[in-house]
Visitor: 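Quick one: this structure, given as structure tokens, is what I'll be asking you about.
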Amino acid sequence: MSIEKNEEFRPKIVAFCCNWCSYAGADLAGSSRMSYSADVKIIRVPCSCRVNPMFILRAFERGADGVIMCGCHPGDCHYTSGNFYARRRMTLLFSMLDYIGVESGRTRVEWVSAAEGAKFSQTMHEFVDKITSLGKNVRLEDLRCRNL
Amino acid sequence: MYKIAKENLTALFQKIASEQELYLPVKTAGQTNFGVWTEDAQVDLDTLKTVKSPKDAFFPQSETLYTCIRDGKKLKIEPEALKDQNFVVFGMRGCDVKGVEVLDRVFLVDPLDTFYAARRDHGTIVALACHEPEETCFCKVFGVDAADPSAADVATWIIDGTLYWKALTEKGEALTETVKDLLEEDNSADEIVEKEKASVRDIVEKLPYMHLSLEGWNGDVLMEKFEDPLWDELYKPCLACGTCTFVCPTCQCYDIKDYDAGRNGVQRYRCWDSCMYSDFTMMAHGNNRKSQKERFRQRFMHKLVYYPANNEGMYSCVGCGRCVEKCPASLNIVKVIKAFQKQGGEQ
Amino acid sequence: MKTEKNRAELIKEISGVNPLKCMKCGKCSASCPSYNEMDIKPHQFVSYVINEDIESLVNSKSLWKCLSCFACVERCPRDVKPGKLIDAARQIVVRERDNTYLSPDEVPELLDPETPQQLLVSAFRRYRR
Amino acid sequence: MQRIGVFVCHCGTNIAATVDVKKVVEMAQHEPGVVHAEDYAYMCSEAGQELIHKAIKEKKLTGLVVCSCSPRMHETTFRNAAEKAGLNPYMVEIANIREHCSWIHKDIGEATEKAVILMRAAIAKVNLDAPLKPGESKVTKRALVIGGGIAGIQTALDIAEAGYPVDIVEKTPSIGGRMSQLDKTFPTLDCSSCILTPKMGEVNAHPLINIYTYSEVESVAGFVGDFTVEIRKKARSVDMDKCTGCGLCQEKCPSKKSLSEFNRGLSTRSAIYTPFAQAVPNVPVIDREACIKFKTGKCGICSKVCQAGAIDYDQTDEIVTEKYGAIVVATGFDMIKLDKYDEYAYSQSKDVITSLELERIMNAAGPTGGHLERLSDGKDPKEIVFIQCVGSRCADDRGKSYCSKICCMYTAKHAMLIRDKYPDTNVTVFYIDVRTPGKNFDEFYRRAVEDYGVNYIKGQVGKVIPQPNGKLLVQGADLLDSKQILKEADMVVLAAAIEPNPDVRKIATMLTASIDTNNFLTEAHAKLRPVESPTAGIFLSGVCQGPKDIPETVSQAGAAAVKAIGLLAKDKLLTNPCTAHSDELMCNGCSQCANVCPYGAITYEDREVNDHGIRERRRIAVVNDALCQGCGACTVTCPSGAMDLQGFSNRQILAEVDAICR
Amino acid sequence: MQEFVKATSQAGASSHLATAGQRESQTRVINRAKELLADGTVARVLGWKAGDLPYNPEPAYFEKEEDFADFVYNGFCGANLSKYMIEASKLEGKTLVCLKPCDTYSFQELMKEHRVDRDKAYIIGVGCKGKLDIEKIKAMGIKGIQSISGAELEDEAETLTIQTIYGEKTCAYKDAMLERCHVCKGKDHMIFDEIIGESKETKDADRFTEVEKIEAMSPEEKFAFFQKELSKCIRCNACRNVCPACSCRKCVFDSNKFDSAQKANVDSFEEKMFHIIRAFHVAGRCTDCGECSRVCPQGIPLHLFNRKFIKDIDELYGEYQAGADLEPRTPLTDYRFEDAEPGIVAERG
């Protein structure tokens, strides 16, 4: 039983979570002790509509292997309509990334309510698996970041 | 003089590239620019003007100067190594070679630009005479002979499927030594080349821009030209993009910027800048050229007045005509010179 | 493999019905013209599928008593469509009989004027694809 | 450069068991800007806060990072602690190393590594934090209640009793709402009018309450504490001040063919009318669509008979503009339309009626004078069938997905009342489930079964078929006895689902209050803030928020009043400082941000700017801090990045991204 | 040299003769402009001034009657003048602006965004029979150009005749047309005060064909395609600066707000970032005027980015043409409850 742990690919995953639903959902996953990979790091934003496509590209530039955005379910946005705008923005952005040849599994949007700790954990499991299967992001990374 | 059949050029390039880096016109996605030679590169010696000038070879669009690496609360500075390998730039036109001379007068004077100097030291220029100059060319105006790129290390001509090769400097001789096996000495070559030169010069005479007059443009007309109300009109179509400066073989302005690579450190690099850009020479107090008119004027005043004032009357335009071809608003230095000329005529 | 679980899954797949949506209101049974002939009532069909007791279903009289009038499908407030479940159970029976069942081309010549209209409609529905 | 203090909480063993807190502290010390780092068992405790206080003072900290539980838990605690020590509370960032780290990871190495990264992200953010100060806004001490039913009436009374003026806007000519249409109320069977009418009178007489009937909200601007509302007073054609309410005009009006809205169309009324006898105000309105004078120009009888000279045919709609500090929505409900339920023959037979119609029939002031009779032939029904859940609990688009909540109880009430008054009449109730949670509710239902002999059958009715003999054949199933039932009935009563008043959508849009897919107004929190809308200053009363019976409505009305009073009692409001701001030098004035702002917080002004020496007038976006809730929709819409969000700025989020990715 | 001057002036004269009768609409624009200047309706005219080569007219203002000697409107007047109206809106008085049908979409989009002032503009909608791309002509190996005939609006000829110092060449008008004209949105002006000159339909291709071709590629091919194209980018910003939708006073790529101010690509990621974000910022606002691709000195088909977004928007949120109306909401500042989820990208493959 001597698997070389260091050789294993550990993806870097950034998760943008809206304060009102998904961040709370992640909190619930925590308080319910529903584990998911430590490769996921959460950034709290007030609403999914605060997530600028620039943030996502920046994450990839800096070496993230996957970026996931979570928000309130459509219709449940704390700010009424934020996630609707976010949904359109992300759909177009993801489509563009796919268009220029970035594997479409590297980005994901999931709606997670404050009550869906299990869904949060499950989603992160799936996403980490997906990114692990895709391997290192090489198409969008700025090499300066890696070399430095 | 040596010669080599055009179909053997690949062998020549292979030979050069086996010993040093070789830059030459390469076609990628429909456009020809100078690039590094590789086995599968599509070499294009027929296109008269590459989109970008070959100045990249000596003054790259961006280059790292040094890197700061963070280690806890300490900082380590690692300067970038200077170029220490020889390389060859093949296929530069006469105007582009003259362009290097313009850059030399900026970067090789005190304070010496060591990055540039290292590249100049290690670079050998193999120029290619023009065969069919075009209507946008006006090199003759600035004293460049399209038919005879004599300021290079090696001058070459392609005539009827044969490349003629003539070393002009020590560096050129040295390069010639390394490829001698592939070249063939030809004593009758001079005659053929002279004939070609004459024919090219004939064409040059017929080109519309080649007789442009630079009367009234020199280092002594600073205030007169600077304050001319004509600028108020000329700049108007300008979109403030950097096309003219980035395709220009003589534009030498650069900006120094930092790239913050996250937690690992910061890379300081320099990159071409354009006097057309709104944040050109932007300082803490603001911008010393606030309007596009001032920025537009700067470019032409620099080429035709400021530079000559500091360089014994030498202009910093070489008449390559790239800006004429590429300006999205169809503005260019020729139109500017002509506008002043027309105004002079009227007065 | 023909387990009850697989058969129940198959019924759900064929019918496109999620039986768990049933709230046991019984409107299907209330609407059914063949109710009295049936041993398993329409609303019970749903629980048989939920409980994966497909064997009882396929052996029931009800299977062949259903006219496929789809009143239950039309009226079900929960979109459970018991009629579709019954129809799917019949499909299972037919499929499990291998290739002995009729091809759609053979149907017309077997028709006789005594055949109830409902049955014809039912047959057409089934062979529509 | 900030002077940052990092505080790592053990949370007993909650964090410390899986995160090596000492290691986190050590790593913190290597971070640029960090001048202090320590750990403690319970950071949120008095003692923990004392440590923070001391460090701020001694090390002159300018920013804090607390590595602890979720910011949703203790962000406020630590912000307050910072403020007490003289630090701006918004210079505090939380690294969530409990919910997002120690509680979900088992491997200490892994969890510690992650905790360090989360800490670095928080440090990166706090480095770019700027002190923020909440703004202040004034509070107009006046409330608006939209809707004059029992919910609106109760809310208005409670607010007025606390000493604040209240305006009620009611769309119909009288307040009273649905409750005024009811006969008796469960589970006590008091007469609805008897308990409602005194309240209507009280509202009418209250010096602090002003009622706008026959009026609608036209527009709403402003924000919590300072709403400006335009109210359209529809032309009543009767002078409110002059009318004495004698009723002569209604008596003499020759146009008497209009269907009475109050009686659900079961009777007619005159063109000039008050909806019902006890209407408040007791001033009629002219229905201009029905009025002969308005249709032909000839008639004018009402004007002739009115001794007070109150009739005014030239009256026009009037717009009143008022300022309010709080707005309570109490727009109530209606029954759904039954046109999609052909199987119940509602549109085919006059003897298939809705429960609300039954209320009117049973009511002494109703179309039949309180006598239960078939509307088709006036005969006494001997066999009555009640069908439950018509359009409620529906998965398809014919009805509503929710349980309408009140039907089980009012059906029991109807059944009981009928059995009581007409012992010869059989009553059968087809039900799916009988839901009776509520004080004395189940007892009430049991009485209907046990004492009054109401026949409850479990099973939904499949079809109601009108028979040639005038009877109604009800085809149902008794699921418990496993038999199909065919029953001939004289009358069928449908417990139709209730739905929010259709006007609420328009009102919600004006208020920027969110609404769910069923058009119910959304509460700020389903459990903890059930009477507040997520939009500040908007409160919810009654069925507009979800199905409710009268006692629940009244208690919620009181709760909404208390929330409104709590707001009105304040002299000033502190606004959330994490709002958007537009950089005037970068703003294009393109209006895209205003398009996405859910709060109407962005306006534009022409302003002279000095852009590095160039002076020019530009159209610049201006954010109203009091309106902005800080969602950030505008910041992403803005292509130039002129719009940025304080507390969650572009550079801060990017810094967090960088810190995580490295 | 003397000979040359003579030769060209002769050529010029003859070509002038050949087209004199065909320049009718240009003359009508000039006459109308002079009228409006004279009666004070407009303070200046924004049009095109003949260049010193047959194919390089430049956008220019005309304020005096004598300026109009140089006024030109022909197949090489491809520049979209609507963006110049941002600056012109700040000037005293009205500016008469000549807009081609496609330019009017941009103008309307700019109106929507309050960047141009309708009251400061007098719009003459000029006809269009497709604009010419000198790069395409040169790519046919035609060089040393002295004169070009057949580029006038009224020319019936389907062929351009090009005199060069290396001899006379011809090429089909269609073959020299800008890509955008082959997928023209139509020759109707969306907004104008008056229209002068006829147009001729030029659409002969579907504008999404190229996008579809890329969509059908494997991720590796897609990546290689864009890598190759974008590696040519010199970050001259011509695409941005010519774009009527990119009218930000301060571009994010020039500001420190996102740490995104980079003047040149140091890493291949940067040009992708630049072009994706640029396309994203104009998504829903881009009228597909094609100026970005026209001006790119490196011939990068930049419209492929914008059109991808347009295609997605059309497919996901309903057909939308930016600039076709003055409705304030664009697809990205609007939504429907039932909008597709982002997962659709992966689902449709």
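Hydrogens, waters and symmetry mates play no part in the numbers below; they use all other heavy atoms, side chains included. Just so it is clear: chains get the letters A, B, ... in the order the sequence lines come, proteins before strands, and each one is counted from 1.
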Visitor: Which one wins on heavy-atom pair count under 4.5 Å against chain D: E/S255, E/C251, E/P328?
Guide: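 Ranked by heavy-atom pairs under 4.5 Å with chain D, first place is E/P328.
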Visitor: Taking the ring of E/F107 and the ring of E/F192, is the distance between their centroids below 6.0 Å?
Guide: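 Distance test on ring centres: not under 6.0 Å, no.
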Visitor: Under 4.0 Å between a Lys/Arg side-chain N and an Asp/Glu carboxylate O for E/R307 and E/D314?
Guide: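 So E/R307 does not pair with E/D314 through a salt bridge.
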Visitor: Which bit of E/T333 is near chain D, if near means a heavy-atom gap under 4.5 Å: side chain, backbone, both or neither?
Guide: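 Both backbone and side chain.
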Visitor: At a 4.5 Å cut-off on heavy atoms, which part of E/R115 comes close to chain D: side chain, backbone, both, or neither?
Guide: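 Answer is side chain: those atoms of E/R115 sit under 4.5 Å from chain D.
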Visitor: Tell me whether the NZ or CZ atom of E/R235 lies within the 45° cone about the ring axis of E/F274 and under 6.0 Å from its centre.
Guide: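 Yes; both conditions hold, so E/R235 lies above the ring face of E/F274.
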Visitor: Heavy-atom distances under 4.5 Å only: say whether E/F337 touches chain D with side chain, backbone, both or neither.
Guide: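 Contact with chain D: side chain only.
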Visitor: Can you tell which part of E/K112 gets under 4.5 Å to a heavy atom of chain D, answering side chain, backbone, both or neither?
Guide: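 Looking at E/K112, just its backbone touches chain D.
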Visitor: Who wins among E/R249, E/K250, E/H281 for the most heavy-atom pairs under 4.5 Å with chain D?
Guide: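 Top option by heavy-atom pairs under 4.5 Å: E/R249.
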Visitor: Would you call D/R607 and D/E584 a salt bridge, using N to O less than 4.0 angstrom?
Guide: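 Judged by the 4.0 Å cut-off on N to carboxylate O distance, D/R607 and D/E584 do form a salt bridge.
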Visitor: Under 4.5 Å heavy-atom distance to chain D, tell me which part of E/R278 shows up: side chain, backbone, both or neither.
Guide: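 Answer is neither: E/R278 stays 4.5 Å or more from chain D.
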Visitor: For the pair E/H114 and D/Y604, name the ring-plane relationship: parallel under 30°, tilted 30 to 60°, perpendicular over 60°.
Guide: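 E/H114 vs D/Y604 ring planes: parallel.
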